[in-house]
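First up is the structure itself, then whatever we jot down about it.
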Amino acid sequence: MDFFFYLTIIVGFSLIYYGYVKKSENDVKKKEIELEEKKIELEMKKLEFKSRE
């Protein structure tokens with residue numbers, strides 16, 4: 001009985017940790033995509049101002 005209890009606790013904590021790691025990785029990817037989007041918008045504005053001149 002004790003073995004299965006501790007095994008369940010270990011598996012539970014492992015799943016929580018795995019979810020936390022994946023969430024933080026996804027947050028980093030999301031930030032990178034947002035940064036790329038801002039770079040593209042900046043390049044579009046640069047081209048827009050060059051075309052006005």
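Numbers here are sequence positions counted from 1.
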(request) Determine whether Y6 and F13 fall in the same hydrophobic cluster, where Ile, Leu, Val, Met, Phe, Trp and Tyr are linked whenever their side-chain heavy atoms lie under 4.5 Å apart. (result) yes
(message) Measuring only between side-chain heavy atoms, which start at C-beta, is E48 closer than 4.5 Å to R52?
(response) yes
Do NZ/NE/NH1/NH2 and the carboxylate oxygens of [X] and [Y] come within less than 4.0 Å?
X: K23; Y: D27; value: yes
X: K22; Y: E25; value: yes
X: K38; Y: E41; value: no

To the nearest 0.5 Å, how far apart are [atom1] in [X] and [atom2] in [Y]?
X: I10; Y: L15; atom1: CD1; atom2: CG; result: 12.0 Å
X: D2; Y: L7; atom1: CG; atom2: CG; result: 12.0 Å
X: I9; Y: F4; atom1: CD1; atom2: CZ; result: 14.5 Å

